Asks: 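Got a structure for you, questions after.
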Amino acid sequence: MNAAVLTEDCSNSLLFMLQGKGLFAKRSMKKGETIFIERPLVSAQFLWNTLYKYKACEYCLRALETAEGNARRLSGIPGLSLPHPELCRVRPEQHQACPQCQVMYCSSECRQAAADQYHRALCLGPSEDDPDHPINKLKDAWNMHYPPETSSIMLMAKMVAMVKQAKDKAHLQKLFTHFCSRTANEEEEIAHKLLGEQFRGQLALLHSLFREALYDDHLSRWFVPEGFRSLFALVGTNGQGIGTSSLSQWVHACDALELPAQQREHLDSFIDQLYKDIEKETGDFLNCEGSGLFLLQSSCNHSCIPNAEASFPDNNFLLHLSALCDINQGEEICISYLDCCQRDRSRHSRHKILRENYLFVCSCPKCVSQMDELDVTSEEEEEEEGVAEGETEGDEMEDEMTDV
């Protein structure tokens with residue numbers, strides 16, 4: 001399958017490269033316009049997400065639970081019934097399992113695509129639940145050291161498996177070289193936070209298990225210590241968060257219904273209460289979550305005031321990049337590597353996150369306008385950062401997870 005999918009109605013806005021990394025508009029675009037739709041080169045569901053029973057297609061990450069089943073699990077109300085069940089787009093009768101390991105897919109097409117691209121090299125067959133299998137040992141080590149995830153060791157495993165199964169191994173390896181894999185920015189004297197001395201032991205363990213489970217002569221450079229660190233930096237720096245949800249898709253469909261005022265009020269009240277029940281039972285983790293490598297999206301530079309954002313409205317891994325404002329011809333398309341809360345923080349705090357995770361110092365218009373601010377972090381931000389560091393020490397980079 002092609003790495004990028006451009007729909008006919010947005011093909012005229014195809015972006016072009018200019019002066020290295022960066023995407024620029026070939027024509028003017030209006031706010032809300034779809035700039036491009038892209039399929040990832042590779043993607044994977046987070047291991048903790050799978051562990052906590054978030055069911056997604058192993059290939060395209062489409063949520064496999066019906067909207068009603070999803071709502072019941074998240075709210076903790078087993079007898080819950082959703083109105084307008086016909087608006088749920090999940091089709092359980094089309095789901096298929098790998099006949100060897102029973103991993104689930106949303107369709108026969110996804111099962112075949114996975115088998116053709118990488119799954120034959122990763123299928124554990126009857127050893128799927130064997131804790132001593134090398135791949136399961138690798139997964140366990142990842143879960144032990146890196147919860148919660150914002151990337152996945154299985155993204156790296158799938159990259160290896162894709163090369164193993166590829167007919168043109170050189171071409172696929174060349175595609176992966178398009179992603180930045182620097183472990184440090186020597187000019188700014190910045191090193192990726194996951195590759196510091198404090199994580200040396202954890203990285204050594206993961207490297208050893210990765211090599212034991214997946215070694216391939218064609219990729220020997222990925223299995224030496226420095227190559228593994230570069231691969232680790234590649235998925236950490238370039239991985240785009242993916243979120244899918246059958247419940248969210250059902251809610252959007254409900255919002256589009258044309259209903260009499262009283263019915264609309266009753267439905268909105270039901271949905272509001274449902275989200276309150278979910279928040280009480282589950283918290284903020286509503287989606288099937290994973291990450292992927294997108295060739296076009298990864299070429300977008302960062303701005304703290306972005307003019308475009310990614311979303312996943314199809315309830316699968318297809319990334320839609322849309323304009324947040326009118327964009328002029330020749331203007332650079334910029335996304336934010338920070339989430340909404342992080343973008344509201346001080347310039348100093350934003351720079352700290354970007355330096356540690358993406359190895360650069362931001363010079364966007366917002367940062368330039370705030371150059372005279374003191375390089376201090378507010379008490380509230382220091383408290384939040386302290387909690388985050390205590391809970392997620394050893395986490396990967398914090399990519400924005402866009403709700404669907």
Side-chain angles (χ1 to χ4, degrees), residues 13 15-33 35-36 150 178-194 233 236-241 294 296-311 319 321-386 388-389 396-402:
S13 61
L15 309 175
F16 60 87
M17 301 293 290
L18 183 65
Q19 295 180 349
K21 186 177 183 291
L23 295 180
F24 296 77
K26 293 184 72 173
R27 65 166 176 82
S28 297
M29 286 171 276
K30 295 294 185 181
K31 178 181 178 179
E33 186 173 348
I35 301 170
F36 62 74
T150 50
H178 287 288
F179 297 100
C180 172
S181 60
R182 291 183 304 171
T183 59
N185 180 343
E186 290 80 5
E187 292 181 4
E188 301 289 347
E189 296 184 351
I190 305 170
H192 198 287
K193 70 176 185 181
L194 297 182
T237 306
N238 297 276
Q240 163 66 45
F294 296 83
L296 283 177
Q297 176 272 343
S298 68
S299 295
C300 291
N301 284 315
H302 163 83
S303 172
C304 296
I305 43 173
N307 58 12
E309 71 173 356
S311 64
L319 181 150
L321 193 76
S322 304
L324 288 173
C325 57
D326 291 350
I327 300 174
N328 297 322
Q329 181 178 358
E331 187 176 348
E332 185 172 9
I333 309 296
C334 291
I335 59 176
S336 178
Y337 300 172
L338 306 174
D339 63 32
C340 293
C341 293
Q342 291 170 336
R343 289 202 295 272
D344 289 337
R345 291 184 171 184
S346 67
R347 176 178 179 271
H348 176 69
S349 293
R350 298 196 308 273
H351 277 206
K352 181 176 185 291
I353 296 168
L354 292 169
R355 285 169 59 92
E356 290 180 347
N357 295 293
Y358 300 100
L359 309 181
F360 71 90
V361 176
C362 183
S363 58
C364 74
K366 182 176 181 179
C367 287
V368 170
S369 71
Q370 296 174 343
M371 284 183 66
D372 293 335
E373 287 187 0
L374 295 176
D375 286 344
V376 295
T377 305
S378 67
E379 291 183 8
E380 181 180 347
E381 290 171 342
E382 284 181 347
E383 186 175 323
E384 290 176 0
E385 289 175 1
E389 288 173 4
E396 303 89 318
M397 58 79 195
E398 187 65 31
D399 230 355
E400 179 169 359
M401 178 63 64
T402 308

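The model shown is predicted, which means the values in this text are computed figures rather than measured ones.
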Asks: Determine whether F36 and F294 satisfy the following criterion, side-chain contact (heavy atoms from CB on, under 4.5 Å), listing intermediate values before the conclusion.
Replies: CA-CA 12 Å; F36 62 74; F294 296 83; over 6 Å; no
Asks: Provide the closest heavy-atom pair for I35 versus A323 in the form atom of the first, atom of the second, distance.
Replies: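 Result for this residue pair: CD1-N, 3.9 Å.
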Asks: Would you compute the distance between atom CD1 of I335 and atom CD of Q240 and round it to the nearest 0.5 angstrom?
Replies: 6.0 Å
Asks: For K366, give me all partners under side-chain contact (heavy atoms from CB on, under 4.5 Å), at least two apart in sequence or on another chain.
Replies: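 Applying side-chain contact (heavy atoms from CB on, under 4.5 Å) to K366 gives C304, I305, R350, C364, Q370.
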Asks: Hey, what do you get for NZ (K352) to OG (S346), rounding to the nearest 0.5 Å?
Replies: 11.0 Å
Asks: Where do A308 and I333 come nearest, in terms of heavy atoms and distance?
Replies: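 Residues A308 and I333, closest heavy atoms: CB-CG2, 3.8 Å.
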Asks: What distance do F24 atom CZ and C300 atom SG have between them, rounded to the nearest 0.5 Å?
Replies: 10.0 Å
Asks: For E332 and G22, work out which heavy atoms get closest and say how close.
Replies: OE2-CA, 3.9 Å
Asks: Which residues satisfy the side-chain contact (heavy atoms from CB on, under 4.5 Å) test with E331, sequence neighbours excluded?
Replies: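 side-chain contact (heavy atoms from CB on, under 4.5 Å) check on E331 returns N307, I327, N328.
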Asks: Which pair of heavy atoms, one from L338 and one from H302, lies closest together, and at what distance?
Replies: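 Taking L338 first and H302 second, the nearest heavy atoms are CG-CE1, 4.0 Å.
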Asks: To the nearest 0.5 Å, what is the distance between NZ on K30 and CG on D326?
Replies: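 Atom-to-atom, K30:NZ and D326:CG are 5.0 Å apart.
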Asks: Rounded to the nearest 0.5 Å, what's the gap from CD1 on I353 to CD on Q342? Could you check?
Replies: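 Atom-to-atom, I353:CD1 and Q342:CD are 4.0 Å apart.
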Asks: Considering all heavy atoms of both residues, which atom of Q329 and which atom of S28 are nearest to each other, and what is their separation?
Replies: N-OG, 3.4 Å
Asks: In Å, rounded to the nearest 0.5 Å, how long is the span from CG of L324 to CE of M29?
Replies: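 Interatomic distance, L324 CG to M29 CE, rounded to 0.5 Å: 12.0 Å.
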Asks: Locate the shortest heavy-atom distance separating S322 from G32; write the atom from each residue and the value.
Replies: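 Between these two residues, the closest heavy atoms are CB-O, 4.4 Å.
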